[in-house]
Amino acid sequence: MRVTKGAQIVAGTALLALAVAACGGGASDNGGTAAGGGSDTTPVRMELGEPQELLVPSNTTESEGSEVLAAIFEPLVTYDENKNAVEAAAESITSDDQKVWTIKLKPGYTWQNGEPVVAQNYVDAWNYAANQENAQSAGYFFQRIDGWADLNPGEGKQVTAKGMKGLQAVDDTTLKVTLAAPFSQFKVMLGYTAFYPLPKAAFGPDGKVTQAFGEQPIGQGLFKVDKPYKKGTDQSIDLTVYDKYPGKKPSNWTKLQFKLYTDSDVAFNDLMADNLDIHDSLGPAAIAQAKSSLGERYQDQPDAGVGYIGVPLKYNPELNKTDVRKAISMAIDRKTIAETVFSGTRSPADDFINPAIAGYRQGACKACTYDPAAAKKLYEEAGGPKKLEIGYNADGPHKEWIEAVANNLRANLGIDASAKPFEKFASILDELDAKKYTGLFRMGWAIDYPSAENYLAPIFSTGAIANGSNYGGYSNKKFDDLIAQGDQAASVEEGLKFYQQADDILNEELPYIPVYFYRNNSGYSTKVKNVHINLLNQVEWADVEKA
């Protein structure tokens with residue numbers, strides 16, 4: 001969700017409707033005004049922000065595009081209520097040494113153009129994702145496969161290998177994966193978007209994934225895309241249940257529509273008027289009304305996400321001193337933000353690992369304790385900058401809490417602190433990708449898979465600067481070494497000890513500043529029922545029914 005990012009970046013709420021309406025036509029032009037209930041040909045409609053990129057799995061590391069792709073593709077594994085990986089498109093995933101893995105594909109899956117799904121589809125997709133010449137944002141996630149380095153010789157150097165030597169299609173239903181080193185979490189991570197396969201039709205004569213595929217991807221999952229999605233102009237992404245999908249399908253509807261918004265309030269008003277069926281990221285202003293107006297149709301449930309203030313360590317030397325970041329952290333009144341700004345639907349963060357995932361330790365972040373007097377003293381002694389700016393995406397519900405943080409910094413540090421809105425989530429991601437923005441920035445992380453490692457390596461490892469979600473450019477060899485030791489541990493439990501030691505470094509150095517732990521606050525219309533949002537913040541579509 002990179003924070004996502006890889007891991008996914010959490011956009012919060014976002015909507016393209018207003019901006020696109022100015023270009024001609026409203027959301028209703030694509031069936032948006034049709035009631036969610038009624039016949040099975042009227043769509044179930046869900047709020048979404050504009051995806052940052054076209055719909056290519058290995059180049060989608062944020063929450064909005066991932067939500068769409070999760071409806072189109074079936075992952076190798078999903079996760080049960082205990083956060084264990086369970087086979088989905090895979091029949092089995094086994095390893096005797098956590099280095100050589102055998103993945104047997106489950107029979108019955110076909111591409112939505114009629115072709116059978118074969119192991120070579122995974123080999124082709126993963127090699128494409130890993131190759132530096134294709135500049136895929138999730139390429140970093142394949143670095144554990146033996147031969148990744150051959151596809152990533154470095155900037156300015158030509159790739160000469162055809163693929164990763166650790167990747168082999170043994171036959172049509174068997175995929176053999178050899179890692180460069182044992183990795184106890186490998187099966188767990190296979191539910192992530194980047195590990196979806198690609199059909200032959202995805203690739204053009206030059207071996208690249210085509211723009212046509214990115215606009216209308218062909219998956220092997222529950223839904224197929226009705227028509228090409230024109231990013232920047234289309235107001236919706238329209239899908240239909242794929243009739244040959246072998247898994248569970250919705251019982252009384254077949255059409256799904258993602259409605260794109262740029263204003264959270266517009267989406268909430270649409271939800272209240274039954275012109276939208278599912279809104280999975282209600283903002284602070286909407287939550288209080290949603291509780292009273294939606295009744296049982298308002299949902300407040302645990303979420304594994306973390307909200308941060310990001311720090312551009314590599315691009316703003318004024319923020320390089322650890323004591324400056326500690327002082328900023330100590331000046332933030334997390335309890336008031338969680339209880340007042342978010343109406344009690346967040347909890348103050350005190351670790352880089354969310355309490356929903358094994359590895360969290362209460363109070364691990366000592367500098368997350370609110371202490372304005374100590375913060376001001378430390379900030380002045382460290383020579384912190386007199387002026388700070390915090391960027392945030394205005395298409396999500398972040399204005400209120402970012403302004404609250406800026407108020408804290410002004411009042412408690414005696415500096416000029418301000419909040420800077422970016423129109424779209426995609427806009428600030430582009431600025432961060434290009435390393436152009438040097439202010440503090442709002443960031444959120446929704447997990448890609450339920451492991452403590454997923455809060456650490458994709459966001460803060462040195463390798464994630466060029467190929468992951470390390471927007472701040474943080475680099476610490478000891479941290480990287482501990483992650484590697486955790487990866488190569490003999491068991492998940494043994495690995496957790498090293499991940500926690502790496503977490504200790506983050507809590508001491510604060511490359512980002514944790515502010516709150518998410519809860520998922522969502523609502524749905526009178527037209528649908530049985531709406532469940534899973535650990536990855538994605539709707540379980542097969543369970544949804546029209547009311």
Side-chain angles (χ1 to χ4, degrees), residues 1-14 46-49 51-52 55 57-58 60-90 137-138 141 185-196 219 221-223 247-248 256 258 278-282 299-307 353-360 396 425 443-459 468-469 517-522 531-544:
M1 213 298 184
R2 81 187 49 157
V3 181
T4 202
K5 351 114 228 186
Q8 293 174 2
I9 295 174
V10 181
T13 310
M46 179 179 175
E47 161 273 335
L48 195 78
Q52 185 189 12
L55 301 171
S58 57
T60 298
T61 50
E62 43 77 32
S63 54
E64 309 308 277
S66 295
E67 181 82 48
V68 180
L69 289 169
I72 302 168
F73 288 84
E74 183 85 335
L76 286 168
V77 302
T78 56
Y79 307 100
D80 64 18
E81 293 182 353
N82 295 318
K83 308 174 185 65
N84 297 313
V86 293
E87 283 77 1
S137 58
F141 281 83
Q185 312 289 303
F186 184 66
K187 179 179 177 180
V188 179
M189 74 189 303
L190 292 177
Y192 179 52
T193 311
F195 293 94
Y196 296 163
L222 175 55
F223 293 97
K248 181 181 177 181
L256 172 62
F258 291 104
I278 300 173
H279 190 339
D280 71 341
S281 52
L282 297 175
Q299 297 180 324
D300 176 18
Q301 63 186 52
D303 184 292
V306 181
I353 300 171
N354 184 292
I357 302 299
Y360 161 78
F425 183 46
M443 186 51 68
W445 186 256
I447 58 171
D448 307 311
Y449 45 88
S451 167
E453 180 269 347
N454 191 234
Y455 292 97
L456 308 173
I459 322 172
S469 299
F517 295 128
Y518 275 84
R519 289 186 67 81
N520 185 275
N521 304 106
S522 61
V531 177
H532 174 64
I533 297 171
N534 64 27
L535 188 69
L536 302 182
N537 294 328
Q538 294 164 351
V539 177
E540 296 284 357
W541 291 112
D543 294 337
V544 175

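Only this structure's heavy atoms are used, side chains among them; waters, hydrogens and symmetry mates stay out.
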- [ ] Report yes if the side chains of P302 and R519 come closer than 4.5 Å at any heavy-atom pair, otherwise no.
- [x] yes
- [ ] Measure across P75 and Y196 and return the closest heavy-atom pair with its distance rounded to 0.1 Å.
- [x] CB-CE2, 3.8 Å
Task: Approximate separation, where rounding is to 0.5 Å, of L190 CG and Q185 CD - done: 11.5 Å
Open item on the list: If we count only N and O atoms by modelled type, under 3.5 Å, do the side chains of Q301 and N520 hold a donor and an acceptor together?
Closed with: no
TODO: Kindly say whether F258 contributes a backbone atom to a donor-acceptor pair with the side chain of E67 at under 3.5 angstrom?
DONE: no
Open item on the list: Quick check: closest heavy atoms across G65 and T60, and the distance to 0.1 Å?
Closed with: C-CG2, 3.5 Å
TODO: Identify the two heavy atoms, one from A88 and one from E74, that lie closest to each other, and give their separation to 0.1 Å.
DONE: CB-OE2, 4.1 Å
TODO: Any chance you could measure F517, atom CZ, to I353, atom CD1, to the nearest 0.5 Å?
DONE: 9.0 Å
Open item on the list: Tell me the closest heavy-atom pair linking A138 and A194, and the distance in Å.
Closed with: CB-CB, 3.5 Å
- [ ] Give, for atom CD1 of I357 and atom CD of E453, the distance between the pair rounded to the nearest 0.5 Å.
- [x] 12.0 Å
TODO: For N537 and D280, test the side chains for any donor-to-acceptor distance below 3.5 angstrom and give the result as yes or no.
DONE: no
Open item on the list: Looking at every heavy atom in both P450 and L535, which two are closest together, and how far apart are they?
Closed with: CB-CD2, 3.7 Å
- [ ] Measure across Y360 and N354 and return the closest heavy-atom pair with its distance rounded to 0.1 Å.
- [x] CB-O, 3.4 Å
TODO: Specify whether F141 and Y449 have parallel, tilted or perpendicular ring planes, treating 30° as the upper limit for parallel and 60° as the lower limit for perpendicular.
DONE: perpendicular
Task: Residue list, ring pair (Phe, Tyr, Trp, His ring centres under 6.0 Å) with F195, at least two apart or on another chain - done: W126, F142
Task: I447 backbone acceptor or donor facing N454 side chain under 3.5 Å - done: no
Task: Distance in Å, I72 CD1 paired with L55 CG, rounded so as to fall on 0.5 Å steps - done: 6.0 Å
Open item on the list: Within the structure provided, determine whether L222 and K248 are in side-chain contact (heavy-atom separation under 4.5 Å).
Closed with: no
Open item on the list: Just verifying a value: how many Å separate D448 CG and Y455 OH, rounded to the nearest 0.5 Å?
Closed with: 10.0 Å
Open item on the list: Quick check for you: to the nearest 0.5 Å, what is the distance between F73 atom CZ and S66 atom OG?
Closed with: 11.5 Å
Task: Check: D80 side chain, N82 main-chain N or O, donor-acceptor pair, under 3.5 Å - done: yes
Task: Any donor-acceptor pair under 3.5 Å from Y79 side chain to V188 backbone - done: yes
